[in-house]
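What follows is one structure encoded as structure tokens, with my remarks underneath.
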Amino acid sequence: MSRPQKHSLTLHGHRTSVSLEPEFWDAFRALARTQDKGFNELAAEIDEARGDTGLATAIRLAVLRDLQARDG
């Protein structure tokens, strides 16, 4: 895996930065496309549902769950 890269997101009108490995950014973008959602829209949904989990971790877990669902 590569080193994490920081990207800015807009969640509910507020800018925030998230650091993920490039492979996770690619998979997250693909997940947004398959759900026919914007990148920030999907991130906002994940943010709302994440509870005490950090946003970067929540995004990684969303990507993992999607991959597991496709393989399952």
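Fair warning: this is a prediction, and the values are worked out from it, not measured in the lab.
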Discussion item. Suppose we screen for side chain to side chain donor-acceptor pair (under 3.5 Å). Which residues come up paired with Asn40, at least two apart in sequence or across chains?
Written reply: none

Discussion item. Can you confirm whether more than 12 heavy atoms, excluding those of His12, are under 6.0 Å from its NE2 atom?
Written reply: yes

Worksheet entry | Minimum heavy-atom distance Leu11-Ala44, with the two atoms named | CD2-N, 3.4 Å

Discussion item. Restricting to non-hydrogen atoms, name the atom on Ser8 and the atom on Ser17 that form the minimum distance, rounded to 0.1 Å.
Written reply: OG-OG, 3.8 Å

Fill in: Arg70 side, atom CZ; Gln68 side, atom CD - distance, nearest 0.5 Å
11.5 Å

Worksheet item: Partners of Thr34 by side-chain contact (heavy atoms from CB on, under 4.5 Å), sequence neighbours excluded?
Response: Leu31

Worksheet item: Going hydrophobic residue to hydrophobic residue with side-chain gaps under 4.5 angstrom, can you get from Leu20 over to Leu64?
Response: no

Worksheet item: Any link between Leu61 and Phe24 through a network of hydrophobic side chains (Ile, Leu, Val, Met, Phe, Trp, Tyr) touching at under 4.5 Å?
Response: no

Practice prompt. Calculate, to the nearest 0.5 Å, the distance between atoms CG and CG belonging to Leu55 and Asp47 respectively.
Written response: 5.5 Å

Worksheet item: Among all residues two or more places apart in sequence or in another chain, which pass the salt bridge (charged side-chain N to carboxylate O under 4.0 Å, His left out) test with Glu41?
Response: none

Item to complete: Enumerate the residue pairs fulfilling ring pair (Phe, Tyr, Trp, His ring centres under 6.0 Å) with a member in residues 48-72, sequence neighbours excluded, ordered by first and then second residue.
Response: none

Fill in: Qualifying salt bridge (charged side-chain N to carboxylate O under 4.0 Å, His left out) pairs, either residue in residues 4-13, two or more places apart
none

Discussion item. Please list all pairs meeting ring pair (Phe, Tyr, Trp, His ring centres under 6.0 Å) that have one or both residues in residues 51-72, counting only residues at least two apart or in different chains.
Written reply: none

Practice prompt. Quick one: which residue pairs count as a ring pair (Phe, Tyr, Trp, His ring centres under 6.0 Å) with a foot in residues 42-72, not counting sequence neighbours?
Written response: none

Worksheet, complete the sentence: salt bridge (charged side-chain N to carboxylate O under 4.0 Å, His left out) filter on Arg15, not counting sequence neighbours, yields none

Worksheet, complete the sentence: Residues at least two apart in sequence or cross-chain that pass salt bridge (charged side-chain N to carboxylate O under 4.0 Å, His left out) with Arg33, listed by chain then number, are none

Worksheet item: Got a sec, which residues hit side-chain contact (heavy atoms from CB on, under 4.5 Å) with Asp26, two or more places apart in sequence or on another chain?
Response: Arg29

Response to the item:
Rounded to the nearest 0.5 Å, the OG atom of Ser19 sits from the CD1 atom of Ile59 at a distance of 10.5 Å

Worksheet entry | Distance, nearest 0.5 Å, that separates CG of Leu42 from CD of Gln35 | 5.0 Å

Discussion item. Once side chain to side chain donor-acceptor pair (under 3.5 Å) is applied, what residue pairs with a partner in residues 52-65 remain, sequence neighbours excluded?
Written reply: Glu21-Arg60

Worksheet item: Which residue pairs pass the ring pair (Phe, Tyr, Trp, His ring centres under 6.0 Å) test when at least one of the two sits in residues 26-72, sequence neighbours left out?
Response: Trp25-Phe39, Phe28-Phe39

Discussion item. If you apply the rule side chain to side chain contact (heavy atoms under 4.5 Å, CB included), what do you find for Ser2 with Glu23, and how did you get there?
Written reply: CA-CA 8 Å; Ser2 304; Glu23 296 86 353; 3.4 Å; yes

